[in-house]
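Hydrogens, waters and symmetry mates play no part in the numbers below; they use all other heavy atoms, side chains included. For ligands, and for the atoms within them, numbers begin at 1 and follow the listed sequence.
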Amino acid sequence: MRRRICTALLALGLLALAGCQKAPEPVEFTTFAMDTVMNFTLYGEKKQAVDTVKPLLAGGVSALEKILSATEEGSDIARLNRRGTGGVGAETAEVLAKALELCEATGGALDITAYPAVKAWGFTQEEHRVPSPAELEALAEKIDYAAVKLEGGAVSLPEGVEMDLGAVAKGWAGDLLAEAVRANGISSALLDLGQSTITAVGAKPDGSPWRVGVVDPARPGACFAVVELEDMAMGTSGGYQRYFEQDGEIYWHILDPDTAAPARSGLASVTVASPSAFLCDGLSTALFVMGLEDGAQFWRDHPELDFEVVFVTEDGEIYRTAGLEGRFSLAEGYEDREVVVLE
Ligand code: ADP
Ligand code: MG
């Protein structure tokens with residue numbers, strides 16, 4: 001009898017142990033915003049925290065889109081583009097200030113006033129066309145982030161200058177959502193904002209880092225590398241993400257502010273990892289414009305920005321910065337590719 005009780009107790013104990021070790025179930029959901037599908041994965045010890053956060057995430061991105069999107073009629077940005085002057089809310093002013101700061105830090109490789117050129121190429125309405133050289137020259141002349149006057153909540157733009165936060169908005173959203181997730185006591189989550197902006201909150205529930213794939217620009221259905229992230233974001237800008245073809249020529253959506261034409265720097269994609277999703281988004285666009293050499297130099301010159309980079313050239317060469325040591329690995333099928341480490 002005693003023996004039987006012992007066995008029963010042992011079995012109960014084992015059951016309890018198994019219960020303790022069972023990995024928590026993730027809550028996964030999807031929302032459509034900022035022209036893309038976003039996937040969120042949350043691990044909540046407390047169901048209530050997850051229930052609270054879910055509507056905040058979906059609502060958060062669409063609220064941001066309503067104030068920041070250049071193509072959303074009633075947004076702060078669209079209104080400014082129409083009228084040239086006016087007041088904006090505190091959040092728009094904050095994003096604008098940070099974006100302008102990054103435009104300056106990148107020497108204008110990132111330029112939020114590229115919008116008239118983005119429109120002229122037809123990327124906003126997906127009615128693509130190739131502007132004439134004379135038109136491009138006139139457009140390039142008007143691209144100048146320094147012409148944007150921002151004082152408190154008052155903004156003014158010179159005639160013909162229009163803004164677009166498309167290069168940084170998803171990153172901004174990523175930081176905001178990660179903050180909401182953490183504030184609600186969720187310590188493990190992966191927020192995939194689509195088109196290659198992703199934010200990792202904490203590590204996976206088992207304590208290992210999140211493993212996020214980097215898309216092969218030559219085969220966008222595949223990933224050539226994996227980057228391990230823990231409380232870090234990652235963003236990729238690549239010519240393969242949005243482009244059109246005309247007369248055998250490819251034209252993509254990342255423009256060189258100096259020429260108002262697609263940036264042909266020899267790069268096919270740039271991936272940036274940093275604690276700030278905003279920086280990942282903005283810098284991936286900027287470094288794509290700069291090209292490998294200037295981009296690598298920018299990384300050396302700005303340790304205070306705290307970011308790492310993976311560059312892929314149009315010839316398929318892979319370069320990564322030294323700070324990714326131990327966090328970067330080639331994916332299955334790509335093991336023989338050479339990776340040049342930038343110091
Ligand atoms: P995605 O929006 O596909 O994630 P990016 O973050 O690289 O890609 O942003 C590209 C978008 O930013 C373009 O669609 C365009 O609206 C705008 N843009 C293009 N070139 C520049 C540039 N040099 N500086 C700032 N914004 C740009
Ligand atoms: Mg970007």
Side-chain angles (χ1 to χ4, degrees), residues 33-38 61 64-65 68-72 75 77-78 81 95-96 98-126 128 136 139-140 142-146 148 161-175 192-199 215 217 220 233-244 251-265 267-274 276-291 294-295 307 309:
M34 300 186 171
D35 274 338
T36 185
V37 178
M38 304 189 171
V61 265
L64 271 182
E65 187 173 22
L68 300 182
S69 167
T71 52
E72 185 98 21
S75 80
I77 299 298
N81 286 344
V95 187
L96 267 179
K98 291 264 267 175
L100 288 169
E101 224 173 80
L102 200 56
C103 291
E104 181 160 3
T106 60
L110 182 76
D111 195 315
I112 57 167
T113 61
Y115 194 51
V118 175
K119 281 197 289 188
W121 285 93
F123 284 113
T124 44
Q125 63 281 30
E126 302 299 327
H128 303 123
L136 288 178
L139 284 165
K142 290 285 186 187
I143 301 179
D144 180 14
Y145 70 88
V148 179
V161 174
E162 292 181 46
M163 300 182 296
D164 161 26
L165 293 169
V168 294
K170 259 180 281 180
W172 183 269
D175 288 333
D192 179 353
L193 283 84
Q195 296 245 357
S196 314
T197 298
I198 195 155
T199 303
V215 170
M234 195 170 95
T236 298
S237 288
Y240 65 89
Q241 288 170 342
R242 261 166 63 204
Y243 64 89
F244 68 95
Y251 301 96
W252 51 58
H253 68 308
I254 303 170
L255 305 183
D256 182 342
D258 286 340
T259 62
R264 297 306 289 255
S265 62
L267 290 175
S269 78
V270 176
T271 297
V272 174
S274 153
S276 155
F278 176 80
L279 266 191
C280 290
D281 198 359
L283 284 182
S284 63
T285 308
L287 299 183
F288 187 93
V289 173
M290 287 183 203
D294 289 356
F307 70 100
V309 195

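If you look at H128 and F123, their ring centroids are closer than 6.0 Å.
Between V118 and H253, every side-chain heavy-atom pair lies at or beyond the 4.5 Å cut-off. Considering only heavy atoms from C-beta on, F288 stays 4.5 Å or farther from T236 through its side chain. With contacts defined as side-chain heavy-atom distances shorter than 4.5 Å, the pair S196/Q241 qualifies.
At the shortest separation from atom 4 (O) of ligand 1 among protein heavy atoms lies K170 NZ, 3.5 Å. Nearest protein neighbour of atom 19 (C) of ligand 1, counting heavy atoms only, is H253 O, 3.2 Å. From the protein, the heavy atom lying nearest to atom 16 (O) of ligand 1 is D164 OD2, 2.5 Å. Looking at atom 2 (O) of ligand 1, its nearest protein heavy atom turns out to be G166 O, 3.7 Å. For atom 5 (P) of ligand 1, the closest heavy atom belonging to the protein is T285 OG1, 3.3 Å. At the top of the distance list for atom 6 (O) of ligand 1, counting protein heavy atoms only, stands D281 OD1, 2.8 Å. Scanning the protein for heavy atoms near atom 25 (C) of ligand 1, the closest one is D111 O, 3.1 Å. Taking atom 9 (O) of ligand 1 as the reference point, the nearest protein heavy-atom neighbour is A167 CA, 3.3 Å.
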* Is there a side-chain contact (heavy atoms from CB on, under 4.5 Å) between R242 and E126 once you walk through the steps? -> CA-CA 10 Å; R242 261 166 63 204; E126 302 299 327; 3.7 Å; yes

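Atoms of ligand 1 lying under 4.0 Å from any heavy atom of P257, numbered from 1 in the order shown and given with element: 23 (N). Every atom of ligand 1 is numbered from 1 in the order shown, and the set under 4.0 Å from a heavy atom of L110 is 24 (N), 25 (C). Remark: ligand 1 atoms within the under-4.0 Å shell around heavy atoms of S237 are 5 (P), 6 (O), 7 (O). Shown in contact with R242 at under 4.0 Å from a heavy atom are these atoms of ligand 1, numbered in order with element: 14 (O).
The count of protein N, O or S atoms under 2.8 Å from the Mg ion (ligand 2) stands at 4, with waters excluded from the count.
Residue-to-ligand polar distances place L255 within reach of ligand 1: an N/O pair is separated by less than 3.5 Å. The N/O atoms of T236, backbone and side chain alike, include none that comes under 3.5 Å of an N/O atom in ligand 1.
Not one N or O on the side chain of T113 forms a donor-acceptor pair closer than 3.5 Å with the backbone of V161.
Checked by atom type, the side-chain pair S237/T285 shows a donor-acceptor distance below 3.5 Å.
Between L165 and A99, the closest heavy-atom pair is CD2-CB, 3.9 Å. When all heavy atoms of G282 and L102 are compared, the pair lying nearest together is CA-CD2, 3.8 Å. Summarising the geometry of T199 relative to A277, their closest heavy-atom pair is OG1-CB, 3.7 Å, with the distance given to 0.1 Å. When all heavy atoms are compared, the tightest approach of L96 to M163 is CD2-SD, 3.7 Å. Shown here for G235 and S284, the closest heavy-atom pair between the two residues is O-CB, 3.7 Å. In terms of heavy-atom proximity, A261 sits nearest to L136 at CB-CD1, 4.2 Å.
When heavy-atom distances to ligand 1 are checked against a 4.0 Å cut-off, S284 has no atom that comes that close, whether in backbone or side chain.
Under a 4.0 angstrom heavy-atom cut-off, A109 registers as being in contact with ligand 1.
Under the 30°/60° scheme for interplanar angles, the aromatic rings of W172 and F278 are found to stand perpendicular.
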